[in-house]
Asker: 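One structure, as C-alpha cells, below. Some questions next.
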Number of protein chains: 6
Amino acid sequence: MRIGIVNVNTSESMTQTILAAARSVAAQGTTVLGLTPAIGPASVENHVEAILSATGVLSAVREYTADPTRTPVDAWILAGYGDQGKEALMELVDVPVVDITEAAAVAAMAIGDRYAVVTTLDRTVPMIRERLAAAGVAARCASVRGTGLGVLELEEDATSTDRAILARADEALAQGAEVICLGCAGMAGRAGELSSRLGAPVVDGVAAAVGQAESLVRQGLGTSRVGTYAPRSPKPLAGFGEFEVE
Amino acid sequence: MRIGIVNVNTSESMTQTILAAARSVAAQGTTVLGLTPAIGPASVENHVEAILSATGVLSAVREYTADPTRTPVDAWILAGYGDQGKEALMELVDVPVVDITEAAAVAAMAIGDRYAVVTTLDRTVPMIRERLAAAGVAARCASVRGTGLGVLELEEDATSTDRAILARADEALAQGAEVICLGCAGMAGRAGELSSRLGAPVVDGVAAAVGQAESLVRQGLGTSRVGTYAPRSPKPLAGFGEFEVE
Amino acid sequence: MRIGIVNVNTSESMTQTILAAARSVAAQGTTVLGLTPAIGPASVENHVEAILSATGVLSAVREYTADPTRTPVDAWILAGYGDQGKEALMELVDVPVVDITEAAAVAAMAIGDRYAVVTTLDRTVPMIRERLAAAGVAARCASVRGTGLGVLELEEDATSTDRAILARADEALAQGAEVICLGCAGMAGRAGELSSRLGAPVVDGVAAAVGQAESLVRQGLGTSRVGTYAPRSPKPLAGFGEFEVE
Amino acid sequence: MRIGIVNVNTSESMTQTILAAARSVAAQGTTVLGLTPAIGPASVENHVEAILSATGVLSAVREYTADPTRTPVDAWILAGYGDQGKEALMELVDVPVVDITEAAAVAAMAIGDRYAVVTTLDRTVPMIRERLAAAGVAARCASVRGTGLGVLELEEDATSTDRAILARADEALAQGAEVICLGCAGMAGRAGELSSRLGAPVVDGVAAAVGQAESLVRQGLGTSRVGTYAPRSPKPLAGFGEFEVE
Amino acid sequence: MRIGIVNVNTSESMTQTILAAARSVAAQGTTVLGLTPAIGPASVENHVEAILSATGVLSAVREYTADPTRTPVDAWILAGYGDQGKEALMELVDVPVVDITEAAAVAAMAIGDRYAVVTTLDRTVPMIRERLAAAGVAARCASVRGTGLGVLELEEDATSTDRAILARADEALAQGAEVICLGCAGMAGRAGELSSRLGAPVVDGVAAAVGQAESLVRQGLGTSRVGTYAPRSPKPLAGFGEFEVE
Amino acid sequence: MRIGIVNVNTSESMTQTILAAARSVAAQGTTVLGLTPAIGPASVENHVEAILSATGVLSAVREYTADPTRTPVDAWILAGYGDQGKEALMELVDVPVVDITEAAAVAAMAIGDRYAVVTTLDRTVPMIRERLAAAGVAARCASVRGTGLGVLELEEDATSTDRAILARADEALAQGAEVICLGCAGMAGRAGELSSRLGAPVVDGVAAAVGQAESLVRQGLGTSRVGTYAPRSPKPLAGFGEFEVE
C-alpha cells in the first residue's frame with residue numbers, strides 16, 4: 001500500500017519530520033511518501049494562510065496525480081491542524097483522504113473520556129475548535145489550548161517547546177481531559193516522550209492518520225460520490241485551468 | 001459611505017445582478033461598487049471551487065485595496081452562499097466584512113420563528129448547513145433545500161427557476177419554516193416577486209448584507225483584532241507574494 | 001423612515017439616553033422617536049418586572065398605534081436586555097420589531113469569533129442567556145457576566161460604572177471573547193469610549209438595532225404571518241379590552 | 001397539604017375541568033383548590049395572550065396570597081402549556097411552583113424513550129417547543145404537533161377532539177415517540193381514555209404536576225433564592241403597585 | 001401503595017439509610033420496602049462495578065417478583081447515581097421504574113435555574129454526566145463535582161463528609177448553580193442539614209424518587225411498551241435462565 | 001500483533017462470521033482470534049440482554065486474560081452494536097478496546113458528509129442512537145433505521161436480509177445520508193456486496209474496528225488511566241469474585 005502525506009506548508013524540514021513520524025507507525029508493506037507544496041505559506045497560523053495553503057495543497061496533489069511518472073497512492077493524508085481544504089481534496093482525488101485533526105480526535109476518543117488539543121498560537125484555537133465541530137468530533141473535546149509558540153518556533157528549542165506543551169497539557173488534565181492531542185503537524189514524533197513525562201496518553205495526529213488511512217484502504221472504502229462529494233461538472237476555472245474537469 | 005461587493009465567481013453578469021439588488025436597498029448616501037474576481041470558477045458548486053473562489057476573492061480585493069487610484073471602501077460584502085473565505089477576508093482588510101449567508105439568516109430570524117434556505121444543487125446543501133453552523137446562526141434553521149438547478153442555470157429561464165424555488169419553499173413552509181432565504185447570490189433581486197407569490201417573506205442575502213454593512217459602518221464597528229483576527233505576522237508566502245505583510 | 005424605540009422601563013431619562021444613542025447612528029432620512037411606557041417597573045431586573053414591563057410595553061405601543069394623531073412608524077425597536085415581550089410585540093404591530101439583545105449579538109458575531117455580554121445584576125444573567133438561546137444566537141456567546149450594578153445605578157457615577165464594565169470585559173476577553181456587548185439599554189452611548197479603553201470592539205444594542213431596523217424596512221421585510229405570528233383571532237381579553245381584535 | 005392551581009385563562013369551566021383532573025390523582029390528605037384569573041384572555045393561543053395571561057396569573061395569585069382570609073397553599077401549579085410567567089410566579093410566592101408543561105415532559109421521560117406533545121393550534125407549536133427547551137427538558141422530545149383545534153373548541157365536541165388528538169398521536173408514535181403528552185390544560189382528564197385507545201401511555205400535565213408539587217412539599221424543597229430567583233428589591237412599579245415590595 | 005427501592009450495592013446498612021430517607025417523605029398510605037442485591041459490588045465507583053451492579057439489581061428484583069410469597073410493588077426505585085441498568089429494569093418489571101439520578105435532576109430543575117451534582121470519587125463524574133445526558137436532563141446541569149470520598153467512606157465520619165460536600169457545593173454556587181443534588185444514594189438523609197448550612201436547596205435523589213414514583217402510580221402511568229421497552233421475545237440466555245421469557 | 005474479538009452473544013457461528021470479516025481486512029502480521037462468551041444471551045436485542053451480554057463479555061475476557069496458557073492480545077474488539085460494556089472492558093484489560101459501533105461511525109465520517117446506520121429490530125434504534133451520542137460521534141448521524149429483522153434471522157435467508165437492508169439504506173440516502181453503516185455484528189462480511197448494489201459506501205463495523213485496533217497498537221496508545229478509567233481499588237464483589245482486584 002502507498003500513502004501520500006501532504007504537508008500544508010512549504011517547510012521541507014517539517015515534511016521530513018512528518019514523514020518520519022508516519023513511517024514509524026506504518027504497517028509492514030505500507031510505503032509512505034511526503035509532498036511539500038510548491039506554493040503557499042511557510043506555516044499556517046491564520047485564515048488567509050489557511051486558504052492559500054489549501055490552494056497550495058490542491059496544486060501539489062493535482063500535479064502529483066497528473067504526472068504519469070509518479071506511482072498513484074492508495075490514500076492521502078492532509079497533515080495540518082485546522083481547515084486546509086480537506087473536503088476539496090476529497091473531491092479532487094479518487095482515493096480516501098484522512099485529516100490529522102480528525103484522526104487525532106478519533107484516536108483520543110477511543111482511549112479516554114474527554115480529550116484536549118494543545119496547539120501553537122492562541123489565534124488558531126477557534127480555527128481548530130471549528131474544525132472539530134465541522135468534522136462532528138467535538139462533543140468530547142474538553143478544550144483547545146494555545147502554547148503561544150508559532151509553528152516554526154516549535155523546532156527551534158525542543159526543550160522549551162516540550163515544556164510549553166506539557167504546561168498546557170497539565171492544565172487540561174486538571175480540568176478533566178484524559179488524553180492530549182498534539183495540535184500541529186510540526187509536533188509530530190514527540191508523542192511518546194511527552195506521554196511518558198505527562199503520565200497520560202498523547203496522540204500525534206500524523207501517526208493516527210496513517211492507521212486510519214491504512215484501515216480505509218484495507219476495507220476498500222472510498223469517498224462517497226452520491227452527495228456533496230459527487231464528481232464535479234465541467235466548468236471554466238479562470239487561472240486554475242489545471243483543475244478543470246472534462 | 002462606500003460599500004464594495006465581491007462576487008464569488010467570475011460571472012460579470014451575475015455581479016451586475018447582485019449590484020442592482022444591492023443598490024435597490026442602499027440608504028441615501030451609500031455608494032455600492034461591484035468586484036468580479038479575475039481568477040476562480042465561473043460558479044461555485046463544490047468544495048474545490050469554493051477554495052479556488054476564496055483565493056480569487058482574496059486576490060481581487062487585495063488588488064483593489066493596493067491600488068492607490070481606487071477609492072477605499074468602508075465595508076466589503078462577500079456575495080456567495082457557503083464558505084468562500086470570509087474569515088480570511090476579515091483578516092485581509094481593515095474594514096468590516098459581511099457575508100450574505102449570515103446576513104440572510106439574521107434577517108430571517110428577525111421576522112419569523114424558523115427559516116429555510118432554498119439553494120441550487122443538492123450537493124451544496126451540506127456546505128450551506130455547515131456554514132450556518134460555523135457562523136452560529138443554525139439553531140433556527142428548519143432546513144436547507146436544493147432546487148437541482150446549477151448556479152448558471154438560474155438566469156436561463158426565470159419562469160422555471162421561480163417555479164423550482166417556489167416548490168421547495170412551499171415544502172419548507174409546510175414543515176414549519178416561516179421565512180425563506182434565497183440561497184444563492186444569483187437569485188438576487190427576486191425576493192419581492194417570490195414573496196408575493198409565496199405569501200411569506202423571502203430574504204435576499206445581498207439586500208440583507210447591505211443593511212448589515214451600513215449598520216456596522218455607522219456604529220463605527222470593525223473586526224476585532226484581539227483574537228483570531230489579529231494582524232498577521234510577516235512570513236514567506238511562496239507564489240502568493242502579494243499577500244505578504246511586512 | 002420613522003423608527004419608534006420603546007424603552008422597557010418607565011425611566012424617561014433612560015429613554016432620552018437611548019434616543020441619543022439611536023440618533024447618533026441613524027441614517028440620513030431616518031427619524032427616531034422614543035416611547036416611555038406609562039405603566040411598568042422603573043427598571044427591569046427580575047422576572048416579575050419583566051412580565052409587567054412587557055405589559056407596559058404592549059400598552060404603550062398599542063396606545064401609540066391606535067392614536068390617529070400620531071404618525072405611524074416603519075419599525076419598532078424594543079430597548080431592553082432579556083425578555084420583555086418581543087414576540088408579542090411582533091404580533092401586535094404591522095411593522096418589523098427589532099430586539100436590542102439580538103441585534104447586539106448579531107453585530108458582535110459579524111466582527112469577531114465569540115462575544116460576551118456584560119450586564120447589570122448577576123441575577124439577570126440567566127435571563128439574558130436564555131434570551132440569546134431562544135433567539136438562536138447563543139452558539140457563539142462565550143459568557144454573560146454581571147457587574148453587580150443595578151440598572152438605575154448605571155447613571156449615578158459614570159466613572160465607577162465604566163470601571164465595573166471594563167473589569168468584566170477584561171475577564172471575558174481573557175477567556176476567549178473577542179467582542180463585548182453592553183447588556184443593558186441604560187449603557188447606551190458608552191460603546192465608543194469603552195471600546196477605546198478596552199482595545200476591542202464594544203457593541204451597543206440600541207445602535208445595532210437601529211441599523212437592523214433600517215435594513216429590514218429598506219428590504220421591505222415584515223414579520224411572517226404564516227406561522228406563530230399569524231393574525232390573532234377575536235377573543236375576550238378581560239381587563240385588557242384595548243388589545244382585543246375584531 | 002394544600003395545592004393551588006391557577007388556570008392561565010379566564011374560563012371558569014376549564015378551571016373546573018383542571019380541578020377535577022388534579023383531585024383524581026391527589027394523595028390522601030392533599031387539598032386542591034383552583035384559581036381563575038379575573039383578568040386576561042379567555043384562552044391562550046398566541047404571544048400577546050401569553051403576556052396578558054401571565055399578568056392575570058400574577059394578579060390572581062398576588063390577590064390570593066395578600067388576602068388574610070384565604071388559607072395559604074403549600075405549592076402552586078401553573079396550568080397552561082407554553083410560557084405564562086412561571087419564573088415570575090417563582091419570585092412572587094414563597095412556595096414551590098410547578099408548571100404543567102415541564103411536569104408532563106418529566107413524567108413522559110420516566111416511562112419511555114422519546115415523547116411527543118399533541119396540542120391545539122399549529123401556531124402554538126413553537127411556543128411549546130421553546131418552553132421545553134428553556135426548561136431543559138427538550139432533549140427527548142420527538143415532536144410537538146398541533147391538532148388545529150382552538151383551546152375553547154376542545155370542549156365542544158369530545159368525539160371529534162379525541163379523534164384529532166389520536167390522529168396526531170398515531171403519527172407521533174409512527175415516527176418514534178413512545179409517550180404522548182396532552183399539550184393543553186383543557187385536555188385534562190382525558191389521558192386514561194386516550195391511552196386505552198392509543199395503546200401507549202398518555203400524560204396529562206395537570207395530573208403530573210400534582211405529583212411533582214406534592215413531592216417537592218414533602219421534601220421540604222422551595223425555590224432557590226441564591227441566584228436569579230433572589231428576593232426582589234423595592235422599586236416603583238407604575239400601575240402595578242400591588243406587586244411592589246417594601 | 002407499595003414502593004420497592006433497590007440499592008445498587010450490597011451494603012445492607014446503606015439500604016437502611018436509603019430506606020429511612022425514603023420513608024421520611026413518603027405520603028400517607030405509601031409503604032416502602034428496601035432490597036439489597038445478594039450479588040454485586042460493595043459499592044459502585046467504576047464501570048466494571050456498574051455492570052456487575054446492574055446484574056445484581058436485575059437478579060434481586062427478578063427474585064422478588066418471582067416469589068409468590070412477596071407482595072408485588074407498584075413501582076421500583078433504582079437507588080444509585082450513574083448507570084446501573086435502569087432501562088433493563090424497565091423491561092423486566094411491569095410497573096414504573098424511577099432512577100434517583102434523574103429524579104434529583106428533575107426536582108432541582110423545578111426550584112432553580114441551574115443545578116450541580118456533588119458526588120464521591122472524581123472518576124465517577126463522567127459516568128454521572130453521561131447518565132444525565134442520556135436521560136435528557138443535562139441541559140441545565142452546571143457541573144458535576146467529586147469530593148474525593150469513596151462511597152463507603154461517606155458513612156465513616158459525618159463531619160468531614162459534610163465538610164467535603166459543602167466545599168464542593170460552595171464552589172458550584174459560586175459558578176452559577178442554584179441548587180445542589182447529592183450525587184450518591186449513600187448521602188441520603190443529609191439534604192436538610194446540608195441545605196441549612198449552605199443557604200441553598202439541596203436535593204436528595206432518594207427522596208425525590210419517592211415522590212416521582214408515587215406520582216406515576218397515582219396517574220396510572222407505566223412504561224410504554226410500543227418501542228424500545230416492548231416485551232422481550234423468548235430466547236436462550238445461557239447462565240441467566242431465570243431471566244428467560246416464555 | 002494479536003487482536004482478540006469478543007462477540008457480544010453466545011452464537012458461535014456468528015463469532016465465525018465476525019472472525020472471517022476481521023481477517024479479511026487485517027494487515028500482514030496481524031493475528032485475529034475470536035471469543036464467544038459462555039454465558040449471556042443468544043443475541044442482544046433489548047436492554048436486559050445488553051446487561052447480561054456485558055457480564056458475559058467481561059467474564060469471557062477475564063477468563064482469557066487470567067489463563068496463563070493463552071497468549072495475551074494487543075487489543076480487544078467488542079463486536080456488538082449498542083452498549084455491551086465497552087467502558088467496563090476498558091477498565092478490565094491493559095490493552096486498548098475498540099467498539100464496532102464507534103469504529104463504523106468513525107470510518108463513515110471519513111468518507112462522507114452524513115452517515116446512517118441500518119440495524120435489526122426497531123426497538124434497538126434508541127439503544128444505538130444513545131450509544132453514538134455517548135461516544136461523541138452522533139453529530140453527523142443522519143438516522144438509525146431498523147429492518148425489522150432479528151439478529152438471528154439475519155443468517156436465515158441472505159437474499160431477503162440484503163433486500164431489507166438495501167430498502168432502508170435507500171431511504172437513508174434519499175434523506176441525505178451518504179454512507180451506510182451495517183448496524184449489527186451479524187451483518188459482518190456483507191459490506192462489499194451491499195455497497196456495489198447500493199452505489200454508495202457501506203461500512204462493516206468489524207472491519208473498521210480491526211483497522212482502528214491495529215492503529216492504536218502501532219501508535220503505542222492505551223487507555224488513559226488518569227481519570228474515569230483509573231485502576232480499580234480492591235473491594236468485595238459478592239458473586240463476582242473473579243473480578244476482584246488485590
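What's counted below: heavy atoms across the whole structure, side chains too, no hydrogens, waters or symmetry copies. Naming convention: chains lettered A, B, ... in sequence-line order (proteins, then strands); numbering from 1 in each chain. All figures in this text were calculated on a predicted structure; none of them were measured in a lab.
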Asker: Which heavy atom in F:A38 sits nearest to a heavy atom in E:A238, and how many Å separate them?
Answerer: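 So the two residues come closest at O-CB, 3.6 Å.
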Asker: Mark yes or no for whether E:R123, through its side chain, and F:P231, through its backbone, hold a donor-acceptor pair below 3.5 Å.
Answerer: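 Pair found, side chain donor or acceptor close to backbone of F:P231.
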Asker: What distance do F:L121 atom CG and E:S233 atom OG have between them, rounded to the nearest 0.5 Å?
Answerer: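 Between atom CG of F:L121 and atom OG of E:S233 there are 7.0 Å.
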Asker: About how many Å separate OG1 of E:T10 and CG of F:L237, when rounded to the nearest 0.5 Å?
Answerer: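 Reported to 0.5 Å precision, the distance equals 8.5 Å.
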Asker: Quick one: does E:Y229's side chain get under 4.5 Å of F:N46's, heavy atoms only?
Answerer: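 When only atoms from C-beta onward are counted, F:N46 and E:Y229 do not touch, as no gap falls below 4.5 Å.
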Asker: Should we count CG of F:D67 as having more than 12 external heavy atoms under 6.0 Å?
Answerer: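 Atom CG in F:D67 is packed in, count exceeds 12.
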Asker: Measuring heavy-atom distances to chain E, does F:I51 have an atom under 4.5 Å in its side chain, in its backbone, in both, or in neither?
Answerer: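 Both backbone and side chain.
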Asker: Non-hydrogen atoms of chain E under 4.5 Å away: do they reach the side chain of F:A133, the backbone, both or neither?
Answerer: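 Neither part; nothing is under 4.5 Å.
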Asker: Which residue out of F:P41, F:P126, F:A230 racks up the most heavy-atom pairs below 4.5 Å with chain E?
Answerer: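 Max contact count across the listed options: F:A230.
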Asker: Are the side chains of F:H47 and E:R232 in contact, using a 4.5 Å heavy-atom criterion?
Answerer: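 They are not in side-chain contact.
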Asker: Given the options E:I39, E:L58, E:T228, which has more heavy-atom pairs under 4.5 Å with chain F than any of the others?
Answerer: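 That would be E:T228.
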Asker: Quick one: what part of E:D122 sits under 4.5 Å from any heavy atom of chain F, side chain, backbone, both or neither?
Answerer: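 Neither part.
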Asker: For E:S43, does its backbone N or O pair with a side-chain atom of F:K235 as donor and acceptor, under 3.5 Å?
Answerer: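 Answer holds: yes.
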Asker: Heavy-atom distances under 4.5 Å only: say whether F:E45 touches chain E with side chain, backbone, both or neither.
Answerer: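 The answer is both parts of F:E45.
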Asker: Just by modelled atom types, is the F:V48 backbone N or O under 3.5 Å from a matching donor or acceptor in the E:E91 side chain?
Answerer: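 Side chain of E:E91 to backbone of F:V48: a pair is present.
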Asker: In this structure, are over 12 heavy atoms from other groups packed under 6.0 Å from E:E63 atom CD?
Answerer: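 Counting other residues, nucleotides and ligands, CD of E:E63 stays at 12 neighbours or fewer.
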